[in-house]
Amino acid sequence: MKIQTYYNHIRFYTPHHFIYYPILILFLIASIYLSINTEDHLIWGFISVSFVFLFFIAYMLRQHYALTLQNRIVRLEMRYRYFSLTGQRFEEFEYKLTDDQIFALRFAPDSELIPLIKDVLKNNLTGNAIKKAIVHWKADYHRV
């Protein structure tokens with residue numbers, strides 16, 4: 001596997017991103033075209049709205065289920081890692097961190113995690129700033 005960094009950590013799922021969505025977009029464009037250029041405006045308009053609805057539902061469901069579970073797992077991972085490194089509970093200050101900050105902290109290796117957490121709490125760094133501050137990226141090849 002290629003070494004994961006800030007610049008390549010986004011993943012794509014080929015059947016979803018490069019097959020399903022392009023086909024759906026083509027059908028949507030065709031149905032809009034037909035709703036404008038045929039006499040059956042109403043039926044093709046309805047079909048166009050249906051494709052927009054399918055696009056929206058597919059997009060929302062794709063992310064909702066996987067990301068909800070992944071978010072819970074990341075929180076548990078951060079609690080475990082922090083406790084393993086310090087013997088203290090992460091939950092004592094977790095409420096001060098945003099989801100974006102917690103999710104970015106998971107890419108920090110153990111040697112950088114504690115100082116980075118202190119910096120985040122002190123300077124309220126954004127998730128993007130946290131990722132850029134990581135010197136030795138701890139890759140996550142199994143995320144959704």
Side-chain angles (χ1 to χ4, degrees), residues 1-37 42-144:
M1 279 189 165
K2 190 160 77 168
I3 293 178
Q4 192 178 72
T5 66
Y6 170 77
Y7 298 101
N8 69 359
H9 75 284
I10 295 173
R11 289 182 63 182
F12 293 102
Y13 181 57
T14 301
H16 189 83
H17 292 101
F18 302 111
I19 296 173
Y20 178 75
Y21 278 137
I23 289 172
L24 192 59
I25 289 170
L26 287 174
F27 283 153
L28 175 61
I29 291 169
S31 64
I32 290 171
Y33 174 81
L34 290 170
S35 70
I36 294 170
N37 295 316
L42 191 58
I43 189 70
W44 283 111
F46 176 76
I47 291 171
S48 298
V49 170
S50 299
F51 281 127
V52 169
F53 181 72
L54 285 174
F55 197 98
F56 177 76
I57 293 295
Y59 179 77
M60 295 307 293
L61 287 177
R62 169 189 70 90
Q63 290 191 235
H64 176 71
Y65 296 132
L67 294 180
T68 299
L69 179 59
Q70 181 173 293
N71 292 349
R72 291 185 65 175
I73 291 169
V74 168
R75 286 183 180 283
L76 289 172
E77 173 193 352
M78 291 303 300
R79 290 173 184 170
Y80 175 75
R81 286 181 64 204
Y82 187 80
F83 184 78
S84 296
L85 294 170
T86 65
Q88 299 171 341
R89 295 178 61 91
F90 187 71
E91 294 94 320
E92 292 176 8
F93 61 87
E94 182 179 4
Y95 68 92
K96 295 179 183 179
L97 301 172
T98 65
D99 289 344
D100 191 43
Q101 290 170 321
I102 292 171
F103 303 152
L105 284 167
R106 75 179 171 159
F107 293 110
D110 291 347
S111 61
E112 298 178 36
L113 183 62
I114 304 307
L116 195 52
I117 289 174
K118 289 177 183 176
D119 192 23
V120 170
L121 290 171
K122 181 181 177 187
N123 298 315
N124 196 28
L125 300 176
T126 65
N128 206 29
I130 293 167
K131 290 178 184 178
K132 288 179 180 178
I134 296 170
V135 177
H136 300 286
W137 192 270
K138 180 183 174 288
D140 181 0
Y141 296 107
H142 302 289
R143 62 191 189 79
V144 176

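As the structure is a computational prediction, the values presented were derived from the model and not from experiment. Starting from 1, each residue takes its place in the sequence as its number.
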Is the shortest heavy-atom distance from the side chain of F107 to the side chain of Q4 under 4.5 Å? yes
Tell me, please, which residues at least two apart from Y95 pass ring-ring contact (aromatic ring centres under 6.0 Å, His included). none
Sequence neighbours excluded, the answer for side chain to side chain donor-acceptor pair (under 3.5 Å) partners of T5 is N8
Please identify each residue that fulfils side-chain contact (heavy atoms from CB on, under 4.5 Å) with Y82, with sequence neighbours left out. T86, Q88, F90, F93, I114, I117
F27: what forms a side-chain contact (heavy atoms from CB on, under 4.5 Å) with it, not counting sequence neighbours? I23, F51
Going by side-chain contact (heavy atoms from CB on, under 4.5 Å), name the residues that satisfy it together with T98, two or more places apart in sequence or in a different chain. D100, Q101
CD1/I57: more than 12 non-hydrogen atoms of other groups inside 6.0 Å: yes
Does atom CG of L61 have more than 12 heavy-atom neighbours from other groups under 6.0 Å away? yes
Scan for salt bridge (charged side-chain N to carboxylate O under 4.0 Å, His left out) pairs involving residues 110-137, sequence neighbours excluded, and state none if there are none. R81-D110
What distance separates T68 OG1 from I73 CD1, expressed to the nearest 0.5 Å? 11.0 Å
With sequence neighbours left out, what residues match W44 under side chain to side chain donor-acceptor pair (under 3.5 Å)? none
For atom OH of Y7, decide whether the heavy atoms of other residues, nucleotides or ligands shown that lie under 6.0 angstrom number more than 12. no
Rounded distance [0.5 Å steps], CD in E77 versus CD in Q70: 10.0 Å
Working to the nearest 0.5 Å, report the span between CG of L105 and CG of L113. 6.0 Å
Is the closest side-chain heavy-atom distance between L121 and L97 below 4.5 Å? yes
Shortest non-hydrogen contact from I134 to A104? CD1-O, 3.8 Å
If you round to the nearest 0.5 Å, how far is CG of L42 from OG of S35? 10.0 Å
So, using side chain to side chain donor-acceptor pair (under 3.5 Å) as the criterion, who are the partners of E91 when residues are at least two apart? R89
Which residues satisfy the side-chain contact (heavy atoms from CB on, under 4.5 Å) test with A133, sequence neighbours excluded? L116
Partner set under side chain to side chain donor-acceptor pair (under 3.5 Å) for N128, not counting sequence neighbours: Y6
Is M78 close to R106 at the side-chain level, that is, under 4.5 Å between some pair of heavy atoms? yes
Taking side-chain hydrogen bond (donor to acceptor under 3.5 Å, both in side chains) as the cut-off, I'd like each qualifying pair that reaches into residues 20-34, sequence neighbours left out, listed once. H16-Y21, S31-S48
What distance separates I47 CD1 from L54 CG, expressed to the nearest 0.5 Å? 11.5 Å
Flag the pair L24 / L28 as yes when at least one side-chain heavy-atom distance between them is below 4.5 Å, and no otherwise. no
F18: which residues meet the ring-ring contact (aromatic ring centres under 6.0 Å, His included) condition with it, sequence neighbours left out? F12
